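Computed from a predicted structure; not experimentally measured. FYI, the numbering just counts along the sequence from 1.
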Amino acid sequence: PEFTTPQEYLEAYPPESREQKYNYVYMPGQGPMGGGMTVRLPVNTIQKKKSIVEDKQVSSSIYKNKAVGKKVTSEAINAIVNMGSESEKDKKNIIGFLNDTANMESTYGTHRNTFTNKSGARGIMQIVPSQSLAELKRRINIKNPTMIKYNEKLKSNFNIDLTTVTAEDLEIPIVNVAVARGYYMIFPDPIPTDKVEQAGYWLKNYNTGDGNATVNIYLKKNGYDNLIKE
C-alpha cells in the first residue's frame with residue numbers, strides 16, 4: 001500500500017489539497033412524480049501535492065531516491081547550507097558538522113539500516129518523521145519566524161515545502177539534509193566550532209535516543225583521534 005498509517009496519508013494529502021468534486025447522474029424513476037431525475041453525487045478525487053523532484057533535477061544525484069555515499073551527502077549539504085545568509089566561515093563550520101552528523105547517523109547513508117531502521121528513522125541523517133520533521137512542521141504552523149523564513153528559502157531554491165514533506169520524501173538526500181539542517185536551527189545555542197564541543201552538541205541535541213553513543217565515539221569515527229582524552 002502507498003500508506004501504512006493515517007499520519008502518512010495526512011502528510012501526503014493535507015486537507016487543503018483535497019478538493020470535493022461532483023458528477024451529475026440521471027436516475028430513472030426516482031423523481032417525485034415517478035419520472036427520472038438528475039442527482040449530484042460526490043466524486044472522491046484527490047489532488048496530490050506537487051512533486052519535489054522536477055524533470056530538470058533528475059540528473060542530479062541529490063534528488064535521486066535512496067542515493068547514498070559521501071559524495072552525494074556532501075553535495076546535498078553544500079546546497080542546503082550555501083542558500084543561507086551566514087558568513088562563509090560559519091557556513092564552512094556548519095557544512096563540516098553536518099557531514100560529521102551524516103557519518104555518525106548512517107555512514108553517509110551506506111549503513112544497512114539507513115532506510116529500514118526499526119525506530120522509523122529514515123535516510124542519511126536518520127530523520128524520524130514523527131519527531132524532528134513533525135517539530136519543524138509545528139513551528140511553521142505557529143508562524144515561527146526563523147522556520148518560516150527557512151521554509152520559504154527551501155521552496156524557492158529547491159521546491160521543498162517542509163509542511164508537505166512525507167516520510168517517503170525523506171529518502172531523497174536533499175530533503176533529508178534540509179530537515180536535519182532545520183532541526184539544528186531550533187536550538188538556541190549555535191553550532192560550536194570546537195570539534196569536542198560539536199560532539200557534545202550532537203550527542204545532546206540530535207542523537208538523544210542512542211544510549212551507546214559517546215563523545216569519544218563521535219571523535220573517533222570522524223577522524224579526530226588526536227582530540228580523544230583517555
Side-chain angles (χ1 to χ4, degrees), residues 52-54 56-57 59-110 114 121-128 131-133 135-137 139-140 144-163 165 169-207 218-219 221-224:
I52 290 173
V53 182
E54 298 176 342
K56 64 182 180 181
Q57 299 165 335
S59 62
S60 175
S61 57
I62 63 176
Y63 287 95
K64 290 182 179 178
N65 195 54
K66 294 186 177 180
V68 298
K70 191 170 184 177
K71 183 176 183 293
V72 68
T73 299
S74 179
E75 288 177 355
I77 290 172
N78 287 345
I80 291 297
V81 175
N82 283 327
M83 78 170 189
S85 57
E86 296 89 355
S87 69
E88 290 305 310
K89 181 180 179 181
D90 286 340
K91 285 180 180 178
K92 183 177 180 180
N93 183 56
I94 296 167
I95 287 171
F97 178 62
L98 289 178
N99 273 284
D100 288 347
T101 295
N103 188 29
M104 288 305 300
E105 294 297 325
S106 69
T107 316
Y108 309 111
T110 62
T114 296
R122 290 203 186 192
I124 293 169
M125 295 294 193
Q126 289 294 278
I127 303 297
V128 180
Q131 297 176 16
S132 49
L133 178 58
E135 175 60 17
L136 298 190
K137 291 184 176 184
R139 287 173 179 259
I140 294 170
N144 175 274
T146 299
M147 205 49 56
I148 288 287
K149 182 178 180 180
Y150 178 64
N151 196 46
E152 289 303 313
K153 285 187 175 182
L154 288 175
K155 287 193 287 186
S156 61
N157 285 277
F158 304 108
N159 193 35
I160 298 171
D161 182 352
L162 294 175
T163 66
V165 165
D169 291 333
L170 293 173
E171 296 180 350
I172 302 172
I174 195 167
V175 178
N176 199 273
V177 169
V179 175
R181 173 67 184 121
Y183 188 67
Y184 273 127
M185 291 170 66
I186 74 175
F187 302 107
D189 296 330
I191 296 171
T193 57
D194 179 84
K195 296 302 180 183
V196 176
E197 291 180 5
Q198 283 185 359
Y201 189 89
W202 166 80
L203 189 63
K204 175 185 176 182
N205 296 320
Y206 199 90
N207 199 45
Y218 177 101
L219 294 173
K221 184 166 185 180
N222 284 309
Y224 309 122

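Below 30°, between 30° and 60°, or above 60°: for Y201 and F187 the angle between ring planes is above 60°, a perpendicular geometry.
The closest side-chain heavy-atom distance from Q131 to E135 is not below 4.5 Å. Considering only heavy atoms from C-beta on, L133 stays 4.5 Å or farther from V128 through its side chain. Contact annotation: the side chain of L162 never approaches that of R139 to less than 4.5 Å [non-hydrogen atoms, C-beta and beyond]. By the 4.5 Å heavy-atom criterion applied to side chains, T114 and T107 are not counted as neighbours. Inter-residue side-chain proximity for N222 and N99 is flagged as unmet; no heavy-atom pair is nearer than 4.5 Å. Between F158 and M83 the shortest side-chain heavy-atom distance falls below 4.5 Å. Two residues are said to be in side-chain contact when any heavy atoms from C-beta on lie closer than 4.5 Å; I172 and K66 fail this criterion. K89 places none of its side-chain heavy atoms less than 4.5 Å from the side chain of T193.
To the nearest 0.5 Å, atoms CD1 (I148) and CG (N144) are separated by 7.5 Å. Taken from CE in M104 to CZ in F97, the straight-line distance is 10.5 Å, to the nearest 0.5 Å. Note: N176 CG to I127 CD1 = 5.0 Å, rounded to the nearest 0.5 Å. Note that the CD1 atom of I140 and the CE atom of M147 stand 7.0 Å from one another [nearest 0.5 Å]. Going from atom CD1 of I174 over to atom CD1 of I62 covers 3.5 Å, rounded to the nearest 0.5 Å. For the atom pair CG (D189) and CG (N205), the distance works out to 7.5 Å, reported to the nearest 0.5 Å.
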Walk me through it: do I191 and D90 pass the test side-chain contact (heavy atoms from CB on, under 4.5 Å)?
-> CA-CA 9 Å; I191 296 171; D90 286 340; over 6 Å; no

Passes side-chain contact (heavy atoms from CB on, under 4.5 Å), W202 versus E105? Steps please.
-> CA-CA 10 Å; W202 166 80; E105 294 297 325; 3.0 Å; yes

side-chain contact (heavy atoms from CB on, under 4.5 Å) evaluation trace for K153 with S85 = CA-CA 11 Å; K153 285 187 175 182; S85 57; 4.0 Å; yes

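For the residue pair I124 and G109, the shortest heavy atom distance occurs at CG1-CA, 4.0 Å. Taking every heavy atom of both residues into account, M185 and Y150 meet most closely at SD-CD1, 3.7 Å. Of all the heavy atoms in A102 and T73, the pair that sits closest is CB-CG2, 3.6 Å. Scanning both residues, S61 and A67, for their nearest heavy atoms gives O-CB, 3.3 Å. Scanning all heavy atoms of the two residues, the minimum distance from N103 to K221 falls at O-NZ, 2.9 Å. Nearest heavy-atom pair across N82 and K91 is O-NZ, 3.3 Å.
Judged by distance alone, the side chains of N207 and Y218 never bring a donor and an acceptor atom under 3.5 Å apart. Counting only N and O atoms by type, the side chains of Q198 and N93 include a donor and acceptor under 3.5 Å apart. Remark: the K70 side chain and the T110 side chain contain no N/O donor-acceptor pair separated by less than 3.5 Å.
For the side chain to side chain contact (heavy atoms under 4.5 Å, CB included) test, residues two or more places apart in sequence or in another chain that qualify with K155 are N151, E152, D161.
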Can you give me every donor-acceptor pair (side chain of residues 177-184, partner residue at least two apart or in another chain, under 3.5 Å) with its distance?
unit_1, atom_1, unit_2, atom_2, d
R181, NH2, E86, OE2, 3.1
Y184, OH, T101, OG1, 3.0

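Note on E88 versus K92: no salt bridge recorded, every NZ/NE/NH1/NH2 to OD/OE distance being 4.0 Å or above.
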